[in-house]
Amino acid sequence: MDASDAANGESASKLSLPLFTIDAFTENSFSGNPAAVCLLTCDKDLPEETMQKIAAEMNISETAYIKRLMPEDSFETSNRFGLRWFTPTNEVPLCGHATLASAAALFYCTKNPSDSITFDTLSGPLIVERQGDYVCMDLPLNKTEKEQGDSGELVKLVTGGLPVQDVHYSPNLKKLLVRLNDSLSMQQLKDLKPPLTQLVPTHNTGRIMGVCVTMKGTRENGCMDSNGEVYDFVSRYFSPWNGIPEDPVTGSAHTCLGSYWSNILGKNKLYARQCSSRGGDVWVTVRDDGRVNVAGKATVVVKGTIYI
C-alpha cells in the first residue's frame with residue numbers, strides 16, 4: 001500500500017469488494033430504478049450483519065449480493081450464482097429491479113459472456129437472459145381478480161378523486177390495481193400527488209401492501225415514448241406499507257399489470273411505462289405456461305470498491 005492509499009484511509013487489513021450502482025429499466029443515468037450490486041469475492045461468507053450495514057450505508061432501495069456457489073466458480077465465466085437482496089433496514093425475499101441490475105453487473109461489468117444467468121434465491125431459482133440490449137427476467141405471472149373488498153376510500157385517496165374505470169386485486173402480491181378512466185391523459189397520471197401518509201391508516205389490515213394506478217395507452221392521451229411509439233399501458237406504484245412511498249420502476253408490479261392488460265387488450269406482448277419522476281420502460285411478455293418475461297435496459301452509473 002502506498003502513501004496515497006494510507007492518506008485515503010485504505011488499509012491492507014480491510015476487506016475490499018467490488019460494488020456497482022446500476023439504474024434498471026432505463027438506458028439513461030439518473031432514471032429508472034437504482035440498485036447497488038456487490039460481488040462477494042471473499043472466500044468466506046459475509047455475515048448478514050455486515051451485508052445489512054452495507055445496504056444501510058448505500059441507502060438506496062435495494063443492495064444485491066452475488067455469491068459464487070463453488071470455489072472454482074468465476075464472476076467472469078460462470079452462469080449460476082447465489083443472490084440476496086437487502087433494503088436499508090431488512091432482507092427481502094424477492095426484488096425484480098435489483099435482479100435485473102445484478103445480471104447487468106455480470107454482463108456489463110465483469111464481461112460475463114453467458115446468454116443466461118440463473119440466480120439461486122430465497123424465492124427459488126430465477127433465470128435472467130441477455131436479449132440484445134435488454135435484460136429479461138423469467139418471473140411467475142400473478143393473475144388479478146375483480147376487487148371485492150372495502151377499498152373505496154383508499155382508491156379515492158390514491159387517485160385524488162379522478163374517475164376510475166376498474167379496480168382489481170392480486171392476492172399473491174397483495175397489490176391493488178386501480179385503472180383510471182380511458183378519457184384521462186398520461187399527464188394527469190403523472191400529476192397525481194396522493195397523501196401517502198394517509199394510505200396506511202386508511203387500509204391497515206395487511207390485505208393490501210401496494211397500489212398500482214394504471215391506464216390504457218393511446219396516442220390521443222399522450223402515452224408515447226420519445227420516438228412516438230405508443231405504450232400499451234402506463235402506471236405508477238405506491239407502497240408506503242413497505243416503507244416505499246413511490247417505487248420508481250417495479251418489476252414485480254408488472255407481473256400482475258401484465259396479466260390484467262393482456263386480458264383487456266387481447267395481446268401477450270406489451271410495452272409499458274412506469275411514469276414516476278425517474279420513470280422507466282418495461283417490456284412484458286405473458287406466456288402460456290403461467291410465467292411472464294419482464295425485460296428492460298440497464299445502465300451502469302458507478303463502478304467502485306467498498307472497504308469493510
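The chain is numbered in sequence order, starting from 1.
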Run the side chain to side chain contact (heavy atoms under 4.5 Å, CB included) test against [X] and tell me which residues pass, sequence neighbours left out.
X    : answer
T110 : L39, F75, E76, L106, N112
N90  : T87, V92
P163 : N181, L184
D45  : K67

Just checking, any donor-acceptor pair under 3.5 angstrom between side chains of [X] and [Y]?
X    : Y    : value
W85  : T99  : yes
N142 : T255 : yes
R287 : N268 : no
Y169 : K174 : no
S235 : T214 : no

Check each of I264, L270, V282 against F233 using the side chain to side chain contact (heavy atoms under 4.5 Å, CB included) test, and report the only one that passes.
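Result for side chain to side chain contact (heavy atoms under 4.5 Å, CB included) with F233: L270.
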Sequence neighbours left out, what passes ring pair (Phe, Tyr, Trp, His ring centres under 6.0 Å) with Y260? Give chain and number order.
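With neighbours one apart ignored, the set is H168.
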Sequence-distant partners of H97, ring pair (Phe, Tyr, Trp, His ring centres under 6.0 Å), two or more places apart
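Applying ring pair (Phe, Tyr, Trp, His ring centres under 6.0 Å) to H97 gives none.
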How many angstroms lie between atom CG of N221 and atom NZ of K216, to the nearest 0.5 angstrom?
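Here the interatomic distance stands at 9.0 Å.
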In Å, rounded to the nearest 0.5 Å, how long is the span from CH2 of W283 to NZ of K269?
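It is 13.5 Å, given to the nearest 0.5 Å.
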Residue pairs fulfilling salt bridge (charged side-chain N to carboxylate O under 4.0 Å, His left out) with at least one residue in [range], sequence neighbours excluded:
range            : value
residues 155-173 : K146-D166
residues 271-284 : D23-R278, R273-D281
residues 86-115  : R84-E91
residues 186-213 : E147-R207

Salt bridge check: are K53 and E49 linked by an N-O gap of less than 4.0 Å?
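Result for this pair is yes, salt bridge flagged.
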Assess whether a salt bridge exists between D289 and R291, defined as any Lys/Arg side-chain N lying under 4.0 Å from an Asp/Glu carboxylate O.
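Between R291 and D289 there is no salt bridge, as every charged N stays at least 4.0 Å from the carboxylate O atoms.
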A side-chain contact here means heavy atoms from C-beta on lying under 4.5 Å apart; do L192 and R236 qualify?
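They are in side-chain contact.
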Decide yes or no for P125 and F119: does some side-chain heavy atom of the first lie under 4.5 Å from some side-chain heavy atom of the second?
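With C-beta onward as the side chain, the pair stays apart.
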Residues which pass salt bridge (Lys or Arg N to Asp or Glu O under 4.0 Å) with R80, listed by chain and number, not counting sequence neighbours
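Only D120 meet the salt bridge (Lys or Arg N to Asp or Glu O under 4.0 Å) criterion with R80.
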Surrounding CD of Q165 (heavy atoms of other residues, nucleotides or ligands, distance under 6.0 Å), is the total greater than 12?
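Counting other residues, nucleotides and ligands, CD of Q165 exceeds 12 neighbours.
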Hey, what else clusters with V301 if you join Ile, Leu, Val, Met, Phe, Trp, Tyr whenever side-chain heavy atoms sit under 4.5 Å?
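ILVMFWY cluster around V301 also holds F30, V302.
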